[in-house]
Amino acid sequence: MNKSMTNLPGFDPNIQIKLENFKVLPRFVGTWEGNWIRLDEDGNEIERFTSLLNQNIVNNQWVQTNQNKYPDGKIVNISFFGKIVGAGKVLFESPDYPYCNFQMMVEEYADNIIIIRVSDKIAGFPLALETINLISDTERIRTLQKFKLPDGKLSGFMIVVENKILRNSGRDYGVK
């Protein structure tokens with residue numbers, strides 16, 4: 001287990017919490033397709049791209065791959081892995097640049113909301129705050145506020161609308 005995870009407040013390695021018993025994250029398992037819009041701090045559009053996210057629970061850990069497709073044909077693949085650090089809390093990390101420099105604390109709120117606090121792994125500066133609202137088992141809306149280092153001033157936003165197109169079981173939802 002990653003040493004940074006065992007040093008988190010409230011983490012007890014002797015308590016076995018099952019990710020499959022969380023309220024919201026298990027409902028994310030499957031393949032999601034989404035449209036992303038990146039905005040500057042004034043709300044002006046910077047870019048758009050689509051993404052295919054494959055999200056799964058493997059050995060009580062979160063496993064996620066994002067395939068981002070840009071209008072110029074560029075494709076970027078990003079992996080995320082998450083370990084439980086408390087009831088309703090998972091710490092995400094990534095081996096991929098620049099995300100390898102971040103830690104992402106994922107927390108469930110209510111039965112349909114996730115909040116992700118993204119911070120610099122070493123200095124601890126807040127980098128972003130993301131909210132994911134699960135509208136239904138096949139639709140979710142994400143909003144993200146990005147912050148400048150080290151003052152924490154707003155640097156931009158992201159808006160994402162996603163639809164589940166495939167459950168982990170292989171069932172096709174036919175949503176496009």
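Counting begins at 1 with the first residue of the sequence. Hydrogens, waters and symmetry mates are skipped; everything else that's a heavy atom, side chains included, is used. Model, not experiment: these values are computed from the prediction.
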Can you tell me how far the OG1 atom of Thr50 sits from the CD atom of Gln67, to the nearest 0.5 Å? 8.5 Å
I want to know whether Phe92 and Phe81 have ring centres closer than 6.0 Å. no
Given side chain to side chain contact (heavy atoms under 4.5 Å, CB included), test Val90 with Lys83 step by step and report yes or no. CA-CA 5 Å; Val90 178; Lys83 292 191 178 187; 5.6 Å; no
Mark yes when over 12 heavy atoms from residues, nucleotides or ligands other than Ile75 sit less than 6.0 Å from its CD1; otherwise mark no. yes
Would you say Ile116 and Leu149 are hydrophobically clustered, going by side-chain heavy atoms of ILVMFWY under 4.5 Å? yes
For Asn68 versus Ser51, what's the shortest heavy-atom pair and its separation? OD1-OG, 2.6 Å
For residues 151-160, which side-chain N or O atoms pair as donor and acceptor with protein atoms under 3.5 Å away, sequence neighbours left out?
unit_1: Asp151; atom_1: OD1; unit_2: Lys153; atom_2: N; d: 3.0
unit_1: Ser155; atom_1: OG; unit_2: Lys146; atom_2: O; d: 3.3

Going by the ring pair (Phe, Tyr, Trp, His ring centres under 6.0 Å) test, which pairs reach into residues 29-60, not counting sequence neighbours? Trp36-Phe49, Phe49-Tyr70
So, taking the atom named SG in Cys100 and the one named CD1 in Ile78, what distance separates them when rounded to the nearest 0.5 Å? 11.0 Å
Side chain to side chain contact (heavy atoms under 4.5 Å, CB included) evaluation trace for Phe102 with Lys121: CA-CA 5 Å; Phe102 308 158; Lys121 194 180 276 187; 5.9 Å; no
Looking at Ser119 and Gly124, what are the two nearest heavy atoms and their distance? CB-O, 3.8 Å
Glu107 and Arg117: CA distance, side-chain angles, deciding distance, salt bridge (charged side-chain N to carboxylate O under 4.0 Å, His left out) verdict: CA-CA 8 Å; Glu107 296 182 66; Arg117 290 179 290 126; 2.6 Å; yes
Closest non-hydrogen atom pair, Ile84 against Ile17: CD1-O, 3.0 Å
Sidechain-backbone polar pair: Asn56 side chain, Val58 backbone, donor-acceptor under 3.5 Å: no
Give a yes or no on whether Phe147 and Val106 share a hydrophobic cluster (residues Ile, Leu, Val, Met, Phe, Trp, Tyr; joining criterion: side-chain heavy atoms under 4.5 Å apart). no
Are Leu129 and Phe80 joined in one hydrophobic group, where the rule is that I, L, V, M, F, W and Y side chains link up if heavy atoms are under 4.5 Å apart? no
Does Lys164 offer a backbone N or O that forms a donor-acceptor pair with the side chain of Thr138 under 3.5 Å? no
Salt bridge (Lys or Arg N to Asp or Glu O under 4.0 Å) pairs touching residues 60-70, sequence neighbours excluded, are none
Minimum heavy-atom distance between Leu25 and Leu19, given as atom pair plus value: CD1-CD1, 3.9 Å
Heavy-atom donor-acceptor pair, Asn59 side chain to Gln61 backbone, under 3.5 Å: no
Heavy-atom side-chain contact between Ile113 and Thr131 under 4.5 Å: yes
Given Leu53 and Thr31, is the side chain to side chain contact (heavy atoms under 4.5 Å, CB included) satisfied, shown in steps? CA-CA 6 Å; Leu53 279 67; Thr31 302; over 6 Å; no
Show your reasoning for whether side chain to side chain contact (heavy atoms under 4.5 Å, CB included) applies to Arg27 and Asp137. CA-CA 6 Å; Arg27 295 169 63 197; Asp137 284 339; 2.8 Å; yes
Got a sec, which residues hit ring pair (Phe, Tyr, Trp, His ring centres under 6.0 Å) with Phe125, two or more places apart in sequence or on another chain? none
Salt bridge present between Lys23 and Glu108 (N-O < 4.0 angstrom): no
Please collect all salt bridge (Lys or Arg N to Asp or Glu O under 4.0 Å) contacts where either partner lies in residues 126-135, sequence neighbours excluded, each pair once. Glu130-Arg142
Tyr99 backbone acceptor or donor facing Asp96 side chain under 3.5 Å: no
What distance separates Glu93 CD from Asn101 CG, expressed to the nearest 0.5 Å? 11.0 Å
Give, for atom CZ of Arg48 and atom CG of Leu39, the distance between the pair rounded to the nearest 0.5 Å. 8.5 Å
Nearest heavy-atom pair of Ser79 and Thr65: which atoms, and what distance? OG-CG2, 3.9 Å
Can you name the residues that form a ring pair (Phe, Tyr, Trp, His ring centres under 6.0 Å) with Phe22, not counting sequence neighbours? none
